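Just so we're clear, the structure is a prediction, and the values are computed from it rather than from any experiment.
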Amino acid sequence: MANTPTIFDAEFFANAANARAWPFEEAKKIVKRLEKSPKDEVLFQTGYGPSGLPHIGTFGEVARTSMVRTAFRLLTGDKIPSKIICFSDDMDGFRKVPTNVPNQERMAEYLGMPLTKVPDPFSDEYPSFAHHNNARLQKFLDDFGFEYEFVSSTDYYTSGVLDKALLRMLEVYDDVMKVILPTLGEERQKTYSPFLPLCPRTGKVLQVPMIARDVEAGTVTYIDPETNEEVTVPVTGGAVKCQWKADWALRWYALGIDYEMSGKDLIDSVRLSSRIVRAMGGTPPESLSYELFLDEKGQKISKSKGNGLSMEDWLTYASPESLALFMYQKPKTAKKLYFDVIPKAVDEFYAFSKAAEKQTPAELLENPATHIAGEFPPAHELPISFALLLNLVSAANAEDSDVLWGFISRYAPDATPETHPELDRLVGYAIRYFNDFVKPTKEFRAATEQEAKAMAELAARLDEVEDATDAEAIQTLVFEVGKKYEFEPLRNWFKALYQVLLGQDQGPRFGSFVALYGVEETKALIAKGLAGELL
RNA sequence: GUGCCCGUAGCUCAGCUGGUAGAGCAUCCGACUUUUAAUCGGACGGUCGAAGGUUCGAAUCCUUCCGGGCACACCA
């Protein structure tokens, strides 16, 4: 999924200007911006809050931002350097001990401290909780091959990278307040400050009003809420950090961010932060508000609720590429993100990849697979679709890949795990899907007296079949037994086999099933079924 | 209240810069199967939420309205 240079050639550059895919529409906004004020390097930003772990939304945002960047490089002939900054707001105060971490009491002692001062509850491998989560984020992004530059807010504040911007914010303090105050409630207005000093005594991030400020000296003064003493601190060097919307604006201004997308719940924040940047004399980045994801009931997916689908969920049943495809599609439309969208995304990914084989550069630029891969997509040939595979795994009661491959080879005789590693990967996904979604819905019933007798005889006579892999011979035997015990109509006999042995009303052709599942295994299965062990 | 998204076949949705609608699933019929499922072929099925407007021509652009969903304190 990394951006590789493959599509960055003249042919693609020539066609990019006419490309209509949304990443190009976004990239064009940046091109226009550059026409007004040229610069040496274009910066994309995505934000990350290290009080939690990376999640499916993080993936979506970085993936989509990468797509815009790729489009931008194509539009500009890859002549203008660009990068994605992944900014971790790790100086933010520690507000709440997450319920899912160990060492709760110890963690509680650090409430109010910057996240980079809170110890890592999981191990002593990292200097802080934030470092731990930052590392997880980077690992997460690296695993998918994203190109980005990680930035720690704490590093930037303390090393002075943000000093100039902080002093500027101090200069225009009144204007900034004028922008923010009207958006706050009455209570909050009294205590609001865009600067949050770090208490020199306790190290905590304080939410206190400023009582004075000195632009010349570059300091602010507040009253320590515990000692009631006046404290004066510089706004530079990491002695203060900025509050949320001001912080966003500060970053945009200080780093010169050109592009940042965010969820639609942040529309007002973007507007406000933009006004702050203008008050400082800067230009806010181009932005895109994407729609939020909904769960199966149409509710907003939130980390705290734990509803909807997690990153792990998706990757358990499907590939990251298919998730990237899902993220590519219609970012401005609210979509359900639930298990049932997975098969379609998987199959469409392969369909788009395959279509790419015969496409011209102009067409490729409209092909989602191009935007996902960031390169000429490798053409994966799949003899059967994921949707079919899911049907198969369910019908065949296939709990391991060998059995499933047996059934697959009936449809695609040439396919093996070796010749079709992609398909083999899907087989793994399908089996997990089966285990988690199909298997729990199975309902086994006890055999009737007549059925029990017939099944016992079937089990006993299975050994008569000379070739245990001869599906036809086995099918004949099954058929004979059914006739002998006078099932009428005969399909009831087969139905009984499925219901008693597989816990479902339908199943694969039984002869084929036995041939693949194994004679001994089938006998054992029948024994279990008759003993009531499957119920 | 402000803003965003959606409203196209029974269901889930695709329809790009305007030229009288498509897919998957479901349903029905057929083929192949010594049951079923699967697979393959075919059929059925839409006044494109409503009304105006622009246009030779609109699902597609504009306006208004109706219906559904979501976001908008604090915190990030």
Sidechain-backbone polar pair: Y317(A) side chain, P343(A) backbone, donor-acceptor under 3.5 Å: no
Protein-nucleotide distance (F326(A), atom CZ; U12(B), atom P), rounded to Å: 15 Å
Pairwise P distance for U54(B) and G45(B), with rounding to whole Å: 35 Å
Between G19(B) and C25(B) - C1' atom distance, rounded Å: 31 Å
Same-atom distance (C1') from A9(B) to A23(B), integer angstrom: 11 Å
Whether F59(A) and F140(A) hold their rings parallel, tilted or perpendicular, with breakpoints at 30° and 60°: perpendicular
Under 3.5 Å side-chain donor-acceptor pair for N134(A) and S88(A): yes
Atom pair OH (Y48(A)) and CZ (R136(A)), whose distance is rounded to the nearest 0.5 Å: 8.5 Å
Residue closer to the 5' end of RNA chain B, E366(A) versus K344(A) (nearest nucleotide): K344(A)
Between C74(B) (P) and Y192(A) (OH): distance, integer Å: 9 Å
Sugar-phosphate only, base, or nothing, as touched by T476(A) at under 4.0 Å among non-hydrogen atoms: base
Are any protein N/O atoms closer than 3.5 Å to N/O atoms in nucleotides 22-24 of chain B? If there are, list each pair with its distance.
none

Separation between the P atoms of C4(B) and G18(B), rounded to whole Å: 23 Å
Integer-rounded Å distance: A73(B) P and L181(A) CG: 16 Å
Reported OG1-to-CE distance for the pair T158(A) and M91(A), which is rounded to 0.5 angstrom: 7.0 Å
Sugar-phosphate, base or nothing in reach of N18(A), heavy atoms under 4.0 Å: nothing
Whether F129(A) and H132(A) hold their rings parallel, tilted or perpendicular, with breakpoints at 30° and 60°: parallel
Length of the OH-P vector between Y48(A) and C75(B), whole Å: 21 Å
Interatomic distance at C1', G42(B) relative to C70(B), whole Å: 42 Å
Contact nearer the 5' end of RNA chain B, comparing R20(A) with L184(A): R20(A)
Aromatic ring proximity F94(A)/Y110(A), centre distance under 6.0 Å: no
RNA chain B stem ranges, 3 or more consecutive Watson-Crick or G-U pairs under 3.5 angstrom: B:1-7 with B:66-72, B:10-13 with B:22-25, B:27-31 with B:39-43, B:49-53 with B:61-65
Length of the line joining L364(A):CG and C16(B):P, which is rounded to integer Å: 20 Å
pair F326(A)-I56(A): side-chain heavy atoms closer than 4.5 Å: no
d(CH2, W244(A); C1', A73(B)) in whole Å: 15 Å
Basic-acidic side-chain contact under 4.0 Å: R461(A), E457(A): yes
Give me, pair by pair, the N or O atoms of the protein and of nucleotides 4-11 of chain B that are less than 3.5 Å apart, along with how far apart they are.
unit_1	atom_1	unit_2	atom_2	d
C4(B)	O2	K264(A)	NZ	3.3
C5(B)	O4'	E291(A)	OE2	3.0

Spacing of W248(A) atom CH2 relative to C75(B) atom P, expressed in whole Å: 15 Å
Integer-rounded Å distance: A71(B) C1' and F293(A) CZ: 15 Å
U39(B) to G22(B) separation - C1' atoms, rounded to the nearest Å: 23 Å
Short N-O contact, E61(A) and R64(A), less than 4.0 angstrom: no
Point-to-point distance, once rounded to the nearest 0.5 Å, from CG of D347(A) to OH of Y350(A): 9.0 Å
Presence of R271(A) side-chain N/O under 4.0 Å of G3(B) phosphate oxygens OP1/OP2: no
Rounded distance [0.5 Å steps], CD in Q207(A) versus CG in L196(A): 6.0 Å
U27(B) versus U12(B) - spacing of their C1' atoms, nearest Å: 16 Å
N/O (side chain, Q243(A)) to phosphate O (OP1/OP2, C74(B)) under 4.0 Å: no
A51(B) to C66(B) separation - C1' atoms, rounded to the nearest Å: 10 Å
Under-4.0 Å salt bridge between E291(A) and K332(A): no
